[in-house]
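Following: one structure in structure tokens, then a few remarks.
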Amino acid sequence: MFVQEEKIFAGKVLRLHICASDGAEWLEEATEDTSVEKLKERCLKHCAHGSLEDPKSITHHKLIHAASERVLSDARTILEENIQDQDVLLLIKKRAPSPLPKMADVSAEEKAVISLMEMGFDEKEVIDALRVNNNQQNAACEWLLGDRKPSPEELDKGIDPDSPLFQAILDNPVVQLGLTNPKTLLAFEDMLENPLNSTQWMNDPETGPVMLQISRIFQTLNRT
């Protein structure tokens, strides 16, 4: 029986668990010699909003290896990125500057961005301010006009692992359970890239309880 040459030398087939930022989850099969870009294209076609009519759609998304939190390189293959069978990958949309929409068509968070930008601050400054101040416009405005403490860089360093706050968060059973769900990591990654998506994850039945518990612990310890 004749067998095609490419099938003889085809790489091992891996079954990969994909989580998208819209909450969709599915298994994707790919050979080890599949490029990350090709895999990403297939993932986007699978998504409900994965239309590839816009040629920039692929470049506006990235795949993240959940276990190591590495962003995968489009130019490399699955084998080169050391992806293993049954690994979890997160499909995240990159944050990109966009034209300012009409005020009537935007959310409260987006209106805050527009209002602060109209005061003369650039988009990155405004996004940083809202991120540091939990999307509160007045607090973000004071932060922009003040000494800007804490800075986004300090925020990115995270909580000191030896602090009571860090221990209280990790000891919480709701948080412990949530951290075993790849969707929780997806939520945190997406909020870092797209701060305006915070409301979506706070309202999500899987990730919302984790976010709420962390917020309550933070507020309780801050008061004490």
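Distance CZ/Arg76 to OG1/Thr34: 15.0 Å, rounded to 0.5 Å. Expressed to the nearest 0.5 Å, how far CD of Gln84 lies from CG of Leu14 amounts to 7.5 Å. Here the straight-line distance linking atom CD1 of Ile92 with atom NE2 of His60 works out to 15.5 Å at 0.5 Å rounding. Atom CG of Asp74 is separated from atom NE2 of His61 by 12.0 Å, given to the nearest 0.5 angstrom. How far CD of Gln167 is from CD1 of Ile217: 11.5 Å, rounded to the nearest 0.5 Å. In this structure, the separation between CG on Leu63 and NE2 on His65 is 11.0 Å, given to the nearest 0.5 Å.
Side-chain atoms of Val88 and Cys19, non-hydrogen and from C-beta on, do get closer than 4.5 Å to each other. When side chains are defined from C-beta on, Leu91 counts as touching Lys40, because their heavy atoms get closer than 4.5 Å. By the 4.5 Å heavy-atom criterion applied to side chains, Ile64 and Leu72 are not counted as neighbours. Inter-residue side-chain proximity for Ile18 and Leu27 is flagged as unmet; no heavy-atom pair is nearer than 4.5 Å. With a 4.5 Å cut-off on side-chain heavy atoms, Asp87 and His17 do not count as touching. A 4.5 Å side-chain heavy-atom check between Glu206 and Asn181 finds at least one atom pair inside the cut-off. With a 4.5 Å cut-off on side-chain heavy atoms, Ile78 and Asp33 do not count as touching. Looking at heavy atoms from C-beta onward, Met117 lies in side-chain contact with Val113 at the 4.5 angstrom threshold.
Of the possible polar contacts, none joining the Ser35 side chain to the Ala75 backbone as a donor-acceptor pair under 3.5 Å is found. Remark: the backbone N or O of Leu170 is paired with a side-chain donor or acceptor of Gln176 at under 3.5 angstrom. The backbone N or O of Lys111 sits less than 3.5 Å from a side-chain atom of Ser115, completing a donor-acceptor pair. A donor-acceptor pair under 3.5 Å is absent between the side-chain atoms of Glu142 and the main chain of Ala139, judged by distance alone. Side-chain atoms of Asp190 do not come within 3.5 Å of backbone N or O of Leu186 as any donor-acceptor pair.
Under a hydrophobic-cluster definition in which Ile, Leu, Val, Met, Phe, Trp and Tyr are linked whenever side-chain heavy atoms come within less than 4.5 Å, directly or via other members, Phe166 and Leu177 are assigned to different clusters. By the rule that hydrophobic residues join a cluster once side-chain heavy atoms approach within less than 4.5 Å of another member, Ile127 and Leu145 end up as members of one cluster. Under the 4.5 Å side-chain heavy-atom criterion for Ile, Leu, Val, Met, Phe, Trp and Tyr, Val174 and Leu179 are members of distinct hydrophobic clusters. Neither Val71 nor Leu79 shares a network with the other; the hydrophobic side chains, linked directly or stepwise wherever heavy atoms of I, L, V, M, F, W or Y lie under 4.5 Å apart, form separate groups for each. In terms of hydrophobic clustering, with Ile, Leu, Val, Met, Phe, Trp and Tyr side chains grouped at heavy-atom distances under 4.5 Å, Trp26 and Leu16 are assigned to a common cluster.
Nearest heavy atom pair, residue Cys141 against residue Met119, reads SG-CE, 3.6 Å. The two residues Leu116 and Ala140 make their nearest non-hydrogen contact at CD1-CB, 4.0 Å. Summarising the geometry of Thr184 relative to Gly178, their closest heavy-atom pair is OG1-O, 2.6 Å, with the distance given to 0.1 Å. Contact between Pro209 and Asp204 at its shortest, heavy atoms only, is CD-O, 3.8 Å. Nearest heavy atoms, Leu90 versus Pro182: CD2-O, 4.0 Å.
Few gaps surround CG on Asp171; more than 12 heavy atoms of other groups in view lie less than 6.0 Å from it. Arg15 CZ: 12 or fewer foreign heavy atoms inside a 6.0 Å radius.
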* Could you walk me through whether Lys12 and Asp85 pass the salt bridge (Lys or Arg N to Asp or Glu O under 4.0 Å) test, one step at a time? => CA-CA 9 Å; Lys12 176 183 176 183; Asp85 191 44; 5.8 Å; no
* Stepwise side-chain hydrogen bond (donor to acceptor under 3.5 Å, both in side chains) check, Glu80 with Asn82 -> CA-CA 5 Å; Glu80 290 171 333; Asn82 196 31; over 6 Å; no
* Does the salt bridge (Lys or Arg N to Asp or Glu O under 4.0 Å) test come out yes or no for Glu81 and Arg70, once each step is laid out? -> CA-CA 9 Å; Glu81 286 288 4; Arg70 288 185 296 110; 2.7 Å; yes
* For Lys183 and Trp201, what are the C-alpha separation, side-chain angles and deciding distance, and is it a side-chain contact (heavy atoms from CB on, under 4.5 Å)? -> CA-CA 10 Å; Lys183 195 172 181 180; Trp201 295 112; 3.8 Å; yes
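For Glu28, the salt bridge (charged side-chain N to carboxylate O under 4.0 Å, His left out) criterion is met by Arg42, not counting sequence neighbours. In this structure, Gln86 has no side-chain hydrogen bond (donor to acceptor under 3.5 Å, both in side chains) partners at least two apart in sequence or on a different chain.
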